[in-house]
Colleague: 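First the structure, then my questions, so here it is.
Because only heavy atoms are used, hydrogens play no part in the values below, and waters and symmetry mates are left out as well, while side chains stay in. As the structure lists them, so they are numbered: ligands from 1, and atoms in each ligand from 1.
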Amino acid sequence: MSDERLIVALDVPNVLDGLELTRQLGDSVDFYKIGLGMLTGGGLALANELKSEHGKRIFLDMKLFDIGATVEAAVRGISQFDLDFLTVHGDPHVVRAAKEGAAGTDLNILAVTILTSLDRDDLDASCIKAGSITDLVQERAGTALAAGADGVIASPQEAALIRALPEAECKLIVTPGVRPAGADLGDQKRVATPAQAIADGVDHIVVGRPIWQAADPRAAAQAILAEMVSPQAARPNA
Ligand code: C5P
């Protein structure tokens, strides 16, 4: 059983560990996320190998943020690789520049709203304006989508609100911060179960530690795949 709606975050230190994990997961996982932690450990080479030799889909989680010209140049370079999703911060000037850089390719630009590991106290510490996180995420999602983003990254707790936005029609909602029932939250704060995320209109869930830290990653992935289609799934530990 596999399901492209599950994206596994390959947050392992290097290419060899990444290849071993993908070997263990085998045909149960079709879509992988490669992020900043793996970049200096051969992450781009691994992305290419998984795509071209194993037929996997690839999400490159770079969370780019810079002046427009720099973002455009960075995305133009990344677009030369045959990848599927790329993240940038959801500020409209960043999204517009990223879309320019990706013009003429199939790369989907996903806009990060507010990290799922942050709560209101964290935003205060970063001098981000008052208001509930939910309202801020919804506003950032709307402006990023209006600026041309192909989708947004948000917490599954905000998915239903984003899905209801007119700007979100035909756009992707991708959610980290997903925890199977009873799983350790780690540093994630705004979480939901796989079943809740899917029920709230999410297109893809991103799951890292509950799979790659499991004693049996393939069994962990398969349990999550089963939860994705189970309306009875319970809430994760709060
Ligand atoms: O291990 P865990 O399931 O928490 O991993 C979540 C992954 O999603 C990590 O790779 C993290 O960098 C990424 N992510 C996130 N929150 C965002 C965007 C990406 O947790 N807003």
Colleague: Can you give each donor-acceptor pair under 3.5 Å made by side-chain atoms of residues 197-204, sequence neighbours left out, with the distance rounded to 0.1 Å?
Modeller:
| from | atom 1 | to | atom 2 | distance (Å) |
| --- | --- | --- | --- | --- |
| D203 | OD2 | R163 | NH2 | 2.7 |
| D203 | OD2 | I173 | N | 2.7 |
| H204 | ND1 | E4 | O | 2.9 |

Colleague: Non-hydrogen atoms closer than 4.0 Å to ligand 1: which protein residues do they belong to? List them by chain and number, please.
Modeller: A9, D11, K33, D61, K63, L115, T116, I153, P176, R179, Q188, V206, V207, G208, R209, P210
Colleague: Can you tell me if T87 uses its side chain to pair, donor with acceptor, with the backbone of M62 under 3.5 Å?
Modeller: yes
Colleague: Could you tell me which residues satisfy salt bridge (charged side-chain N to carboxylate O under 4.0 Å, His left out) with D135, sequence neighbours excluded, listed by chain and number?
Modeller: none
Colleague: Would you confirm whether D91, through its side chain, and H93, through its main-chain N or O, come within 3.5 Å as a donor-acceptor pair?
Modeller: no
Colleague: Please list every donor-acceptor pair under 3.5 Å in which a side-chain atom of residues 8-17 meets a protein atom from a residue at least two apart or in another chain.
Modeller:
| from | atom 1 | to | atom 2 | distance (Å) |
| --- | --- | --- | --- | --- |
| N14 | OD1 | L16 | N | 3.1 |
| N14 | OD1 | D17 | N | 2.9 |

Colleague: Quick check on D106: does its CG atom have over 12 non-hydrogen neighbours (other residues, nucleotides or ligands) under 6.0 Å away?
Modeller: no
